[in-house]
There are 2 protein chains.
Amino acid sequence: MQLLAIGVVESPLTDPAAAPKQGNEGSPDAWLVFDADHADGLDGIREGDEILVLTWLDRADRSVLRVHPRDDPANPQRGVFSTRSADRPNPIGLHRVNVLAIDGRRLHVRNLEAVDGTPIVDVKPVLSAVDR
Amino acid sequence: MQLLAIGVVESPLTDPAAAPKQGNEGSPDAWLVFDADHADGLDGIREGDEILVLTWLDRADRSVLRVHPRDDPANPQRGVFSTRSADRPNPIGLHRVNVLAIDGRRLHVRNLEAVDGTPIVDVKPVLSAVDR
């Protein structure tokens, strides 16, 4: 179960502690830059699409099983699987973003809270019947 | 970027070719069985919750970059990242399911199209503001 980076996030966000906790909480626009080897997989993605981007949150602490939600000590601790904490056994980030523009194997997107240099591992379309 | 199984799917579905393509297309109920080492991460998940389950689709072909959507040759080929094909460079399955019952570190769920024995790698809550 070895993940392979298919691309990387280019973003003005560099400090995970200062990054928004969710994409719709004030994230800057960012670029998804895909490797040439995987560019054929992008065919069919269009400007204006909403897509799901899966990343590998490589700064996360994989030993964490319980957290205070939103890093607020006033929130009682919960299991990480009932939160969107980056710290979790498999730190896969799930981001729903809007495609603003496409330039070859680079996608310009809105609402991505991942920091610069975060590896991209997958992209999926939003399915209205399943994801609503 | 090494994924770790945190649990496994127990389902009457055993043949990937016969499994529904999406959870809401006639999937049977299934159990998510978590390892004892990761059970603390489940705290906070309740019966009635909708959750996102991430799996590792270990029967997938990771070399595929283009597919006929829904395996129908009448559909023109597209890049895998604009489809929900299991065949893709990192075959992470993303499943939105309903929690019917909780029995210790076993969750009974509705609408899971993954086959029996599929490794579970993550669980996340549905966020209404992000996932709708």
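Only a predicted model underlies this, so the values are computations on that prediction, with no experimental measurement involved. Residue numbering restarts at 1 for every chain, and letters A, B, ... go by the order of the sequence lines.
- Note on B/Leu100 and B/Ile45: separate hydrophobic clusters, where clusters join Ile, Leu, Val, Met, Phe, Trp and Tyr whose side-chain heavy atoms are under 4.5 Å apart, directly or indirectly.
- With a 4.5 Å cut-off on non-hydrogen atoms, A/Leu54 touches chain B through its side chain but not through its backbone.
- With a threshold of 4.5 angstrom between heavy atoms, A/Asn111 does not approach chain B through any atom at all.
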Practice prompt. Show your reasoning for whether side chain to side chain contact (heavy atoms under 4.5 Å, CB included) applies to A/Val121 and B/Met1.
Written response: CA-CA 10 Å; A/Val121 297; B/Met1 309 208 324; 3.8 Å; yes

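- Clustering ILVMFWY residues whenever any of their side-chain heavy atoms sit less than 4.5 angstrom apart, transitively, puts B/Leu52 in a cluster other than the one holding B/Val109.
- For A/Arg46, no part lies under 4.5 angstrom from a heavy atom of chain B.
- Highest contact tally toward chain A, considering only B/Val123, B/Leu42, B/Ile51, B/Asp58, is held by B/Val123 [criterion: heavy-atom pairs under 4.5 Å].
- With a threshold of 4.5 angstrom between heavy atoms, A/Pro76 does not approach chain B through any atom at all.
- Your options are A/Pro91, A/Pro89, A/Ala39, and the one with the most heavy-atom pairs under 4.5 Å with chain B is A/Pro89.
- Only the backbone of B/Asp37 comes within contact range of chain A, with at least one heavy atom under 4.5 Å from a heavy atom of that chain.
- With a 4.5 Å cut-off on non-hydrogen atoms, A/Ser85 does not touch chain B at all.
- Cluster membership check: B/Leu57 does not share its hydrophobic cluster with B/Val80, using side-chain heavy-atom separations under 4.5 Å among Ile, Leu, Val, Met, Phe, Trp and Tyr.
- The parts of A/Ala5 that come within reach of chain B are both its backbone and its side chain, each placing non-hydrogen atoms under 4.5 angstrom from that chain.
- Checking side-chain atoms of A/Arg84 against main-chain N and O of B/Pro125 turns up a donor-acceptor pair under 3.5 Å.
- Interatomic distance, A/Leu4 CG to B/Arg62 CZ, rounded to the nearest 0.5 Å: 6.0 Å.
- Placement of A/Leu94 and A/Val8 in two distinct hydrophobic clusters is found when ILVMFWY residues are connected by side-chain heavy-atom separations under 4.5 Å, directly or transitively.
- A distance-only check finds no donor-acceptor pair linking the side chain of B/Arg66 to the backbone of A/Asp43 [under 3.5 Å].
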Item to complete: Would you check, one step at a time, whether the test side chain to side chain contact (heavy atoms under 4.5 Å, CB included) holds for A/Leu3 with B/Trp56?
Response: CA-CA 10 Å; A/Leu3 287 173; B/Trp56 184 252; 3.6 Å; yes

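- Interface summary for chain A: among B/Asp40, B/Asp49, B/Val67, the most heavy-atom pairs under 4.5 angstrom belong to B/Asp40.
- With a 4.5 Å cut-off on non-hydrogen atoms, B/Ile92 touches chain A through its backbone and its side chain both.
- Ranked by heavy-atom pairs under 4.5 Å with chain A, the list B/Pro119, B/Pro69, B/Gly41, B/Ser82 is led by B/Gly41.
- Within a 6.0 Å radius of CZ in B/Arg110, other residues, nucleotides and ligands contribute 12 heavy atoms or fewer.
- In this structure, NE2 on B/His38 lies 6.0 Å from CG on A/Leu65, to the nearest 0.5 angstrom.
- Although no hydrogens or angles enter the test, the distance criterion places a donor-acceptor pair under 3.5 Å between the side chain of A/Arg78 and the main chain of B/Gly44.
- Grouping the Ile, Leu, Val, Met, Phe, Trp and Tyr side chains by contacts below 4.5 angstrom, directly or via other members, places A/Ile120 apart from A/Trp31.
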